Amino acid sequence: MHFNIVTLFPEFFSGPLDCGLIAKARGSGLLSFSFHNPRDAARDMRRTVDGRPYGGGPGMIMLPGPLGETLRGLGFSPRGGAVPGPLLLLKAGGSPFGQAKAAALAENATRTREPLTLVCGRYEGIDARIEELFPTEAVSVGDFVLNGGEAAALCLIEAVSRLLPGFMGHEHSVKEESFASGKAGGLLEYPQYARPEVFEGLAVPEILLSGDHAGIALWRRQASLLATRQVRPELAAAAPLAPEDRAFLRAVARPSAGRNLYCALVHYPVLDKEENSGAASLTNLDIHDIARTSCTYGLGGFYALTPLEDQRELLREILRYWISGPGARSNPDRARALASVREGRSIEDAAADVARRTGTVPLLVATSARAEHCGLPVMSFPELAGKLETMPLLLLFGTGHGLAPRALEACAAVAPPLRSFGAYNHLSVRCAAAVIFDRILND
Ligand SMILES: C[S@@+](CC[C@H](N)C(=O)[O-])C[C@H]1O[C@@H](n2cnc3c(N)ncnc32)[C@H](O)[C@@H]1O
């Protein structure tokens with residue numbers, strides 16, 4: 001496979017491309033590289049390759065002239081003409097480069113023998129017209145900014161090269177690695193061990209010493225599943241899992257990230273249609289559904305709050321029916337969820353109960369469809385999740401037309417509003433609670 005590398009610093013690559021498996025592959029002819037410096041295509045005496053950005057701003061931009069000339073020299077024509085092979089632009093703002101893209105590039109090179117051209121930016125980046133004129137694909141190697149595209153190009157070169165047939169020597173090893181598609185299913189790799197059997201008092205898992213190949217394969221699969229769910233839950237969710245994988249994950253209880261999250265359904269003080277502050281009536285549906293969602297997401301507790309004695313009596317009646325009455329007999333699961341509902345008069349009651357149970361005063365966080373107008377700092381969902389690691393959080397959900405100013409005054413922050421896709425934005429409080437739990441706990 002041949003790589004054309006367009007760079008202002010060809011010397012950057014000596015060293016990384018001269019050792020290990022890459023050097024071996026160069027020696028055997030499997031890999032080859034050529035370097036193309038836009039400075040060689042600059043026309044002026046000083047061989048200028050950069051200029052100030054139009055519109056102002058810090059730093060310099062790589063000029064399109066010398067770079068375009070370099071690409072022409074490699075056989076690329078502007079505006080949809082000749083394309084000798086894939087043309088990738090390393091760019092912090094490009095689409096994320098991953099294993100699937102590496103595999104597609106290695107497969108293309110093996111099948112077509114086309115070279116892969118990598119363009120390394122420098123300064124504050126490249127004049128945007130290069131991307132318009134040439135068939136480039138901008139890729140990023142991560143959400144961080146490097147000094148130049150060279151280090152990113154090296155990542156890409158290694159990721160693609162090791163997928164070329166003959167590069168690794170033992171082909172199966174790349175098939176079992178992290179992110180590999182196929183049997184591994186895009187999961188992270190299982191932990192690996194080598195000599196000695198015991199290191200600093202830590203022994204290698206016994207199954208790996210047993211010679212039981214089926215047992216070892218099962219242990220590795222399960223370790224991969226657990227590592228992926230722990231570190232990259234989005235990969236686990238997207239992986240094509242077998243029924244036995246799913247059964248395994250279900251059987252291994254997750255540490256409950258939600259145990260520090262509490263919620264309260266506030267019936268007073270809330271706003272009515274005319275924006276007057278008052279008390280709203282309790283609704284059976286909200287109690288049921290928030291209790292079920294709280295249980296499912298492993299919340300520390302759910303408080304139903306109202307200062308009105310007749311409303312609290314109604315709550316008790318509902319709970320009795322479902323926890324120990326006819327409802328429990330026909331629907332024991334519901335009984336379990338409703339048994340977790342705690343009755344309270346006020347927000348202060350709920351906060352005091354959380355403090356008593358956890359030993360820490362909870363952070364009170366409001367929820368509102370108009371969060372920006374609450375006069376409270378908006379805390380993002382990841383920030384709220386981060387808080388949960390060190391302190392309990394009590395999320396307040398308002399009934400009626402939302403929490404009244406007096407309820408908001410008690411809060412330290414407000415969660416971001418759930419935005420609608422159009423003009424209609426009227427979620428029921430139980431639906432909003434479910435979405436917000438999921439956004440915070442991010443399953
Ligand atoms: C200092 S950076 C320019 C950053 C640019 N001003 C921005 O804010 O996105 C210079 C060059 O480094 C390369 N680069 C920086 N970070 C990268 C990343 N995460 N992935 C790929 N290339 C990157 C690009 O080629 C870029 O043109």
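Given the structure is predicted, the values throughout are model-derived calculations rather than measurements. Keep in mind that the numbers below use all heavy atoms, side chains included, and drop hydrogens, waters and symmetry copies. As the structure lists them, so they are numbered: ligands from 1, and atoms in each ligand from 1.
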I'd like to check which ligand 1 atoms, numbered from 1 as shown, lie under 4.0 Å from a non-hydrogen atom of G149. 12 (O), 13 (C), 25 (O)

Region of L89 engaging ligand 1 - heavy atom pairs below 4.0 Å: neither

Any protein heavy atom nearer than 4.0 Å to atom 7 (C) of ligand 1: no

Looking at A337, is its backbone amide N or carbonyl O close enough to the side chain of R292 to form a donor-acceptor pair, meaning the two atoms are under 3.5 Å apart? no

Whether S420 side chain and A423 backbone form a donor-acceptor pair below 3.5 Å: no

Starting from atom 5 (C) of ligand 1, what is the nearest protein heavy atom, named by residue and atom, and what distance separates them? E124 O, 3.6 Å

Counting only heavy atoms, which portion of K91 has something under 4.0 Å from ligand 1: side chain, backbone, both, or neither? backbone

Just to check, does G142 reach to within less than 4.0 Å of ligand 1 when the distance is taken from its heavy atoms? yes

Hey, is atom 12 (O) of ligand 1 under 4.0 Å from any protein heavy atom? yes

Nitrogen or oxygen atoms of F144 and ligand 1 under 3.5 Å apart: yes

I'd like to check which ligand 1 atoms, numbered from 1 as shown, lie under 4.0 Å from a non-hydrogen atom of G125. 27 (O)

Electrostatic pair D127-R129, nearest N-O below 4.0 angstrom: yes

T136 side-chain N/O to L88 backbone N/O, donor-acceptor pair under 3.5 Å: no

Would you say V141 has any N or O atom under 3.5 Å from an N or O of ligand 1, going by distance alone? yes

With a 6.0 Å cut-off on the ring centroids, do F3 and F33 count as close? yes

Using modelled atom types only, decide if a donor and an acceptor are shared between the side chain of T7 and the backbone of C120 within a distance under 3.5 Å. no

Near V145 (heavy-atom distance under 4.0 Å), the atoms of ligand 1 are 1 (C), 2 (S), 4 (C), 16 (N)

Side chain or backbone, does G121 bring an N or O within less than 3.5 Å of an N or O on ligand 1? yes

C263 SG to L394 CG distance, which is reported to the nearest 0.5 Å: 8.0 Å

Which segment of I126 sits under 4.0 Å of ligand 1 when only heavy atoms are counted: neither

With only distance considered, is A152 within less than 3.5 Å of ligand 1 through an N or O on each side? no

Looking at P58, G93, A92, the heavy atom closest to atom 14 (N) of ligand 1 belongs to A92

Among protein heavy atoms, which lies nearest atom 2 (S) of ligand 1, and at what distance? L146 O, 3.2 Å

I'd like to check whether L90 has a polar contact with ligand 1, where a contact means an N/O of the residue lying under 3.5 Å from an N/O of the ligand. yes

Would you verify whether the NZ or CZ of R342 falls within 45 degrees of the ring axis of Y303 while also being under 6.0 Å from that six-membered ring's centre? yes

When you measure from the side chain of D245 to the backbone of A242, do you find a donor-acceptor pair of N or O atoms at a distance under 3.5 Å? yes

Check: N108 and P86 side chains under 4.5 Å, non-hydrogen atoms: yes

Should you measure from each heavy atom of V139, which atoms of ligand 1 turn up under 4.0 Å away? 21 (C)

Is there a donor-acceptor pair closer than 3.5 Å between any side-chain N or O of T390 and the backbone N or O of K387? yes

Quick one: does any side-chain atom of H401 pair with a main-chain N or O of L271 as donor and acceptor, under 3.5 Å? no

Hey, does Y123 come in under 3.5 Å of ligand 1, counting only N/O atoms on both sides? no

